[in-house]
Engineer: 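For reference, the structure I am asking about is given below.
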Amino acid sequence: MLETTAETTCPHCGEPISLFLDLSVESQEYIEDCSVCCQPMTVYYSVEDGELAELRVESAN
């Protein structure tokens, strides 16, 4: 399994956060709680040629 860490910002509190992503999956969308403020956020990412191509994080409320 190919894994990587991606840095992004929480759409609720604006704090920088790290996400662990599985790059063996072509694209994924899931809900994860912010590690700082615990609010739910929707994480979407896509992978091309084993590399992270796109990462979006939006409020899940």
Engineer: Which atom pair, heavy atoms only, marks the closest approach of D33 to P40?
Structural biologist: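 That closest heavy-atom pairing would be OD1-CA, 3.5 Å.
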Engineer: Under the salt bridge (charged side-chain N to carboxylate O under 4.0 Å, His left out) rule, collect the residues that match up with E54, sequence neighbours excluded.
Structural biologist: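 R56.
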Engineer: Do I31 and V25 belong together in a cluster built from hydrophobic side chains that touch within less than 4.5 Å?
Structural biologist: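 Shared cluster, no.
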Engineer: In Å and rounded to the nearest 0.5 Å, what is the NE2 to SG distance from H12 to C38?
Structural biologist: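 Rounded to the nearest 0.5 Å, the NE2-SG separation comes out at 11.0 Å.
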Engineer: Could you tell me if the side chain of E58 sits less than 4.5 Å from the side chain of P11, heavy atoms only?
Structural biologist: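 Side chain of P11 against side chain of E58, heavy atoms only: no contact under 4.5 Å found.
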Engineer: Output the distance between atom OG1 (T4) and atom CZ (F20), rounded to the nearest 0.5 Å.
Structural biologist: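 So the gap between those two atoms works out to 9.5 Å.
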Engineer: Mind checking side-chain contact (heavy atoms from CB on, under 4.5 Å) for T8 and listing every partner two or more places apart, or none if nothing turns up?
Structural biologist: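 With sequence neighbours excluded, T8 shows a side-chain contact (heavy atoms from CB on, under 4.5 Å) to I17, L19, L55, V57, given in chain and number order.
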Engineer: To the nearest 0.5 Å, what is the distance between SG (C37) and CD (E15)?
Structural biologist: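 Rounded to the nearest 0.5 Å, the SG-CD separation comes out at 8.5 Å.
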Engineer: Tell me whether E7 at atom CD has more than 12 heavy atoms from other residues, nucleotides or ligands lying less than 6.0 Å away.
Structural biologist: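 Atom CD in E7 is crowded, with more than 12 foreign heavy atoms closer than 6.0 Å.
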Engineer: State, yes or no, whether a side-chain contact exists between L52 and L21 at a heavy-atom distance under 4.5 Å.
Structural biologist: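 Yes, side chains in contact.
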Engineer: Mark yes when over 12 heavy atoms from residues, nucleotides or ligands other than Q28 sit less than 6.0 Å from its CD; otherwise mark no.
Structural biologist: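 More than 12 within 6.0 Å, yes.
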Engineer: From Q39 CD over to C13 SG, what is the distance, rounded to the nearest 0.5 angstrom?
Structural biologist: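 Answer rounded to 0.5 Å: 8.5 Å.
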Engineer: Could you grab the distance from atom CD of E51 to atom CG of L23, nearest 0.5 Å is fine?
Structural biologist: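 Result: 7.5 Å between the selected atoms.
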